[in-house]
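Notes for the one structure printed next.
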Amino acid sequence: MNIVSLNIPYPANYGGIIDIFYRLKTLSDLGIDIILHAFEYGREHTEELNKYCREVHYYKRNTGCLTQFSHLPYIVYSRKNDDLINNLLKNDYPILFEGLHTCYYLGDERLKNRIKLVRMHNVEHNYYRGLAQNTHKSLLKAYFKFEAFRLEKYEKQLHHADYILSVSTTEYDYLRKQYGDKIVLVQSSHPNETVTITKEYKPYVLYHGDLSTPENINNAIFLMKDVVQKDPSIPWIIAGLNPDPSVYKAAEKIPNVEVKANLSHEEMNKHLREALINILYTSQGVGLKLKLLNAVHNCHFCLANANMLIGSGLEDACIVVPDDAEGLLEKIQYYIRQDFPEGEIEKRKAILSNLLDNRKNAQKIIDLLVI
């Protein structure tokens, strides 16, 4: 099958790229012959993908300013590439478009007889409206709002898909109302083959994420200003990719917090498995957060707010916490003094084997490839 990826899906170190890579890998493990078409966007070509794909094709994005002057969303129009459609026409295999970003050719008349699947990582216009709410930069806010408007109009292209793969029950409900029976719930793929929670832990709190994105920047600053410094007796680590200067500035005068940037995969996993408490907090209830999936497989107490859990089915694997700082701090103060119960590990295994088995979710896709 053909897989069209919005970016080069390796290394698998953030959000949707994790989902794409581990789905690709699992499909390959199950015997699917893969031709990968990947757009380049700040990532290097890699031999790793050749282990799982018969062919790998790379395409430049058109990211110039003129690309903005289109009625189509920028994330879609910048991935218009003649080489891509020409390569797709060289075979008659099914096509999996990873993200609305990659759907420029979804409605192309030349592909009308092909089996076409679209993986929706989010309801994109809701995601971009959330980005607009989370930035204070006027120009960026205006761009996010305009892109949300274009994405909402463009989403109707999904009618050209044979199947739409939703990432959570929330997206499933929305998409089913719009596009009917072609919606299939396929939970995110992830790197965890089993629950790896250890019996060893240390009494500190971890918050992690991509600290260059507006939402995670705001979340980290909120936690430091309104929660962390209210109880200096509790140590915290804020870890993630490319922390914004404002994150460092917020941490400067708080002695019980340490900001750790761009940790290796091994270092990040060490903190995930070592911290007694992992805080999973978001102001945007869209999509399915990949760090939630990673946390419930590897972390001890997972304290998550409702927006983080919405549509995931993982409420029983976490401790649900309020959005307000005072209520969140009370939960942290309680659980930082508790021992992690051994029975929780078996409980997690039972929950996750039903919901988040990569092979089961990949098999759902395979079953759709013959109409």
Side-chain angles (χ1 to χ4, degrees), residues 1-9 16-17 19-20 23-24 27 32-41 49 53-64 66-125 127-128 146-167 171 175-176 178-184 186 365-366 368-371:
M1 70 182 298
N2 297 278
I3 296 179
V4 186
S5 178
L6 57 92
N7 203 340
I8 298 173
I17 289 298
D19 185 24
I20 294 170
R23 180 166 35 261
L24 177 156
L27 286 167
I32 298 300
D33 199 26
I34 294 172
I35 300 174
L36 176 66
H37 308 267
F39 283 93
E40 302 178 51
Y41 187 57
L49 294 171
C53 306
R54 188 179 83 191
E55 299 174 21
V56 180
H57 301 278
Y58 297 97
Y59 306 94
K60 297 285 186 183
R61 278 185 71 188
N62 181 9
T63 55
L66 292 177
T67 312
Q68 289 285 1
F69 296 98
S70 169
H71 67 283
L72 299 178
Y74 173 72
I75 64 171
V76 176
Y77 191 64
S78 63
R79 290 178 172 86
K80 173 181 179 288
N81 190 292
D82 290 341
D83 290 337
L84 170 60
I85 186 62
N86 290 335
N87 283 330
L88 290 174
L89 291 170
K90 289 178 181 177
N91 60 68
D92 60 358
Y93 306 146
I95 306 168
L96 170 58
F97 295 92
E98 287 282 359
L100 196 62
H101 316 55
T102 65
C103 288
Y104 182 84
Y105 295 105
L106 177 64
D108 194 294
E109 185 70 13
R110 292 168 289 180
L111 299 177
K112 67 178 181 179
N113 294 321
R114 303 284 283 276
I115 299 173
K116 300 185 288 290
L117 302 85
V118 177
R119 169 45 151 198
M120 289 291 284
H121 298 274
N122 293 293
V123 174
E124 292 295 343
H125 57 269
Y127 176 69
Y128 271 80
F146 184 47
E147 188 73 345
F149 169 75
R150 291 190 291 194
L151 283 162
E152 188 166 14
K153 290 181 64 178
Y154 186 77
E155 189 192 85
K156 294 178 177 60
Q157 288 293 312
L158 291 177
H159 286 292
H160 294 289
D162 295 290
Y163 295 102
I164 302 165
L165 313 179
S166 69
V167 72
E171 274 75 10
L175 292 166
R176 189 173 176 82
Q178 307 298 319
Y179 307 103
D181 293 340
K182 62 176 65 180
I183 312 304
V184 180
V186 179
I365 297 173
I366 295 170
L368 301 174
L369 298 183
V370 179
I371 296 180

I want to check something: taking the side chain as every heavy atom from C-beta on, are [X] and [Y] in contact at a cut-off of under 4.5 Å?
{"X": "Pro9", "Y": "Leu36", "value": "yes"}
{"X": "Phe97", "Y": "Leu6", "value": "no"}
{"X": "His37", "Y": "Ile95", "value": "no"}
{"X": "Leu158", "Y": "Leu175", "value": "yes"}
{"X": "Leu84", "Y": "Thr102", "value": "no"}
{"X": "Val167", "Y": "Asn122", "value": "no"}
{"X": "Phe39", "Y": "Ser78", "value": "no"}
{"X": "Ile8", "Y": "Ile17", "value": "no"}

Working to the nearest 0.5 Å, report the span between [atom1] of [X] and [atom2] of [Y].
{"X": "Tyr104", "Y": "Ile85", "atom1": "OH", "atom2": "CD1", "value": "10.0 Å"}
{"X": "Ile183", "Y": "Arg176", "atom1": "CD1", "atom2": "CZ", "value": "8.0 Å"}
{"X": "Leu151", "Y": "Gln157", "atom1": "CG", "atom2": "CD", "value": "12.0 Å"}
{"X": "Leu106", "Y": "Leu100", "atom1": "CG", "atom2": "CG", "value": "8.5 Å"}
{"X": "His101", "Y": "Met120", "atom1": "NE2", "atom2": "CE", "value": "9.5 Å"}
{"X": "Arg54", "Y": "Asp33", "atom1": "CZ", "atom2": "CG", "value": "4.5 Å"}

Heavy atoms only: give me the nearest Tyr154-Cys103 pair and the separation to one decimal. OH-O, 2.7 Å
Okay, side chain of [X], backbone of [Y]: is any donor-acceptor separation there less than 3.5 Å?
{"X": "Arg119", "Y": "Val186", "answer": "yes"}
{"X": "Asp162", "Y": "Lys116", "answer": "yes"}
{"X": "Tyr105", "Y": "Asn81", "answer": "yes"}

Is the count of non-hydrogen atoms from other residues, nucleotides or ligands lying under 6.0 Å from Asn86 atom CG greater than 12? yes
Tell me if the centroids of the rings in His125 and Phe149 come within less than 6.0 Å of each other. no
Checking Leu89 against Leu111 for the side-chain contact (heavy atoms from CB on, under 4.5 Å) test, could you report, in this order, the C-alpha distance in whole Å, the side-chain angles of both residues, the deciding distance, and whether it holds? CA-CA 8 Å; Leu89 291 170; Leu111 299 177; 3.9 Å; yes
Show every salt bridge (Lys or Arg N to Asp or Glu O under 4.0 Å) that has at least one partner inside residues 97-113, sequence neighbours left out. Arg23-Glu98, Asp108-Arg110, Glu109-Lys112
Quick note, salt bridge (Lys or Arg N to Asp or Glu O under 4.0 Å) partners involving residues 148-157, not counting sequence neighbours, are Arg129-Glu152, Glu147-Arg150
Check the pair Asn2 / Arg114 against side-chain contact (heavy atoms from CB on, under 4.5 Å), numbers first and verdict last. CA-CA 11 Å; Asn2 297 278; Arg114 303 284 283 276; 3.4 Å; yes
Let's go through Tyr179 and Val118 carefully: what are the C-alpha distance in whole Å and the side-chain angles of both, what is the deciding distance for side-chain contact (heavy atoms from CB on, under 4.5 Å) to 0.1 Å, and is it a yes or a no? CA-CA 12 Å; Tyr179 307 103; Val118 177; over 6 Å; no
Pair Leu165, Leu96 - check side-chain contact (heavy atoms from CB on, under 4.5 Å), show working. CA-CA 10 Å; Leu165 313 179; Leu96 170 58; 4.0 Å; yes
Do Arg79 and Asn7 have side-chain N/O donor and acceptor atoms under 3.5 Å apart? no
Test item: side-chain donor near acceptor, Asn87 and Tyr59, under 3.5 Å: yes
